[in-house]
Amino acid sequence: MDAIQQLHLPALAIDILRLSLWLLVIMAIFVPLERCFPLHRQKLFRKAYLTDLVYYFLSGLLPKFLLAIPMAFIMLGLRDVLPVGLHQAVAQLPLWARFGAAMVAGEFGTYWGHRWMHEVPFLWRFHAIHHSAEDIDWLVNTRAHPIDLAFPRLCGFIPMYFLGLAQPSGNSVDLMPLLVTLVGTIWGFFIHANLRWRFGCLEWFVSTPAFHHWHHTNDSLELINKNYAPMLPWMDKLFGTYYLPKQQWPKRYGINERMSPSILEQMIQPFRYRNKR
């Protein structure tokens, strides 16, 4: 990746090139796995594949701009609220302990941000784009309106900063939120993958494709709005939204509302009228 910086390209071009290289790496992992262990027999270039490919680049470029201003206000607000001793105590923890605590704190915030995206009608307008996918595979992870990506991520950052696991007053780049976001993003590709794997008792501790596929089900009204946690399913156990049968898989995915196939229309649609699930 350092070699890319030596090309002296504009910042946007460098970002696109990085995303393209990561895309090749992710494809090299998940495309063979989905060919060898598919849950559903579906084409590689299935319906809306090109749309999701465009979303991959939008998802990698836009959220950081949407998060910049609200994160600046959060940092300024917490800088005068948090005791200095808290940051000093947290900074003395070993890296693995800080990372583990940041994952749990971030997961708590992201769980509630994701849940609100379903329960608050205005937020659902944005999140409905992600749930409009009728075929699920690794690339669906990136199908999301920029606001849909930014809001749960912001909710995940707030507990980390509040507990001193991230440093709002630091002058250098804080690696902990970046590391948590990176791990969560990579895991997001896995839980959306079209894989039939099951993991027994491990599924209680960490989210899997089976766990998250039920989040995307459109089988019945009784089964939707479950399994919000991106990585730690016991969050759903704790808050009463856990659903994972031992043998069954969803039969249908998607939503009942009309969703335009045009990305431009999908970007505008949440601001124009109300979607009802």
Side-chain angles (χ1 to χ4, degrees), residues 26 30 33-34 37-44 46-49 51-53 55-56 59 107 110-120 123-145 147-149 151-153 184-199 203 206-233 235-237 239-261 266 269-270 275-277:
I26 297 168
F30 285 105
L33 287 177
E34 290 185 340
F37 309 100
L39 172 62
H40 303 290
R41 293 290 178 182
Q42 59 191 36
K43 297 178 180 179
L44 173 61
R46 40 80 181 162
K47 179 181 178 181
Y49 184 89
T51 299
D52 291 344
L53 197 59
Y55 268 121
Y56 168 83
S59 300
E107 188 81 356
T110 303
Y111 168 90
W112 281 104
H114 189 181
R115 183 167 175 172
W116 292 330
M117 297 297 294
H118 282 253
E119 295 180 349
V120 178
L123 295 177
W124 169 250
R125 301 183 207 177
F126 300 95
H127 194 51
I129 294 171
H130 180 64
H131 277 268
S132 66
E134 297 178 357
D135 300 304
I136 303 296
D137 62 16
W138 62 275
L139 190 56
V140 171
N141 180 48
T142 63
R143 181 192 294 197
H145 195 284
I147 291 179
D148 179 23
L149 287 172
F151 180 76
R153 193 173 297 179
T185 300
I186 294 173
W187 203 255
F189 287 109
F190 171 64
I191 62 177
H192 285 89
N194 179 34
L195 295 173
R196 63 176 184 263
W197 292 345
R198 297 300 299 262
F199 295 88
E203 292 182 336
V206 65
S207 63
T208 61
F211 174 83
H212 196 71
H213 276 229
W214 279 110
H215 177 70
H216 279 267
T217 185
N218 195 26
D219 286 353
S220 69
L221 291 176
E222 292 77 16
L223 297 178
I224 64 173
N225 298 331
K226 305 289 185 181
N227 300 358
Y228 295 112
M231 291 194 66
L232 304 177
M235 285 282 179
D236 286 277
K237 279 277 190 179
F239 296 113
T241 52
Y242 182 88
Y243 181 78
L244 184 57
K246 291 184 178 180
Q247 300 296 333
Q248 298 94 332
W249 289 80
K251 296 179 181 178
R252 292 193 306 140
Y253 304 98
I255 57 177
N256 296 326
E257 300 98 313
R258 176 190 172 276
M259 183 62 63
S260 171
Q266 291 177 12
Q269 183 170 314
N275 283 324
K276 293 183 179 180
R277 194 171 188 182

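Everything numeric here is computed off the predicted structure, so don't read it as measured data. All heavy atoms count here, side chains included; hydrogens, waters and symmetry mates do not.
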Classify the side-chain pair [X]/[Y] by whether it contains a donor and acceptor separated by less than 3.5 Å.
X    : Y    : result
H192 : H215 : no
H212 : Y228 : no
E257 : W124 : yes

Short question: side chain of [X], backbone of [Y] - any donor-acceptor pair under 3.5 Å?
X    : Y    : value
H130 : R143 : yes
N194 : E34  : no
S132 : G254 : no
R125 : P270 : yes
Q42  : I136 : yes
H145 : I147 : yes
H118 : H127 : no
T208 : E203 : no
D236 : A229 : yes
T142 : L139 : yes

Distance-minimising heavy-atom pair for F30 and A193: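 In this case the closest contact between F30 and A193 is CD2-CB, 4.1 Å.
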Which pair of heavy atoms, one from F211 and one from P233, lies closest together, and at what distance?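 Minimum heavy-atom contact is CE1-CB, 3.5 Å.
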Rounded to the nearest 0.5 Å, what separates atom [atom1] in [X] from atom [atom2] in [Y]?
X    : Y    : atom1 : atom2 : value
K251 : S220 : NZ    : OG    : 10.5 Å
I191 : I186 : CD1   : CD1   : 13.0 Å
L195 : L39  : CG    : CG    : 8.5 Å
L223 : R252 : CG    : CZ    : 10.5 Å
S59  : N141 : OG    : CG    : 8.0 Å
T217 : I224 : OG1   : CD1   : 9.0 Å

SB check R46 D52 (cutoff 4.0 Å):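 A salt bridge links R46 with D52.
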Do [X] and [Y] have side chains that get closer than 4.5 Å, going by heavy atoms?
X    : Y    : result
N256 : N218 : yes
Y111 : T241 : yes
W187 : P230 : no

Quick one: list whatever passes side chain to side chain donor-acceptor pair (under 3.5 Å) with K47, sequence neighbours left out.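 K47 satisfies side chain to side chain donor-acceptor pair (under 3.5 Å) with E134 only.
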Classify the ring geometry of F239 against W112: parallel below 30°, tilted from 30° to 60°, perpendicular beyond 60°.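 Perpendicular.
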Mind checking whether W138 and F189 have parallel, tilted or perpendicular rings, split at 30° and 60°?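 Judged by the thresholds at 30° and 60°, the geometry between W138 and F189 is tilted.
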Could you check F126 against Q266 for side chain to side chain contact (heavy atoms under 4.5 Å, CB included), going step by step and ending with a plain yes or no? CA-CA 9 Å; F126 300 95; Q266 291 177 12; over 6 Å; no
Check step by step if side chain to side chain contact (heavy atoms under 4.5 Å, CB included) holds for Y242 and W214. CA-CA 10 Å; Y242 182 88; W214 279 110; over 6 Å; no
Full working for ring pair (Phe, Tyr, Trp, His ring centres under 6.0 Å) between Y253 and H213: CA-CA 8 Å; Y253 304 98; H213 276 229; 5.5 Å; yes
Dump the intermediate steps for side chain to side chain contact (heavy atoms under 4.5 Å, CB included) on L33 and W197, then the final yes or no. CA-CA 10 Å; L33 287 177; W197 292 345; 3.8 Å; yes
Report all side-chain donor-acceptor pairs from residues 243-250 shorter than 3.5 Å, counting only partners two or more places apart or in another chain.
none

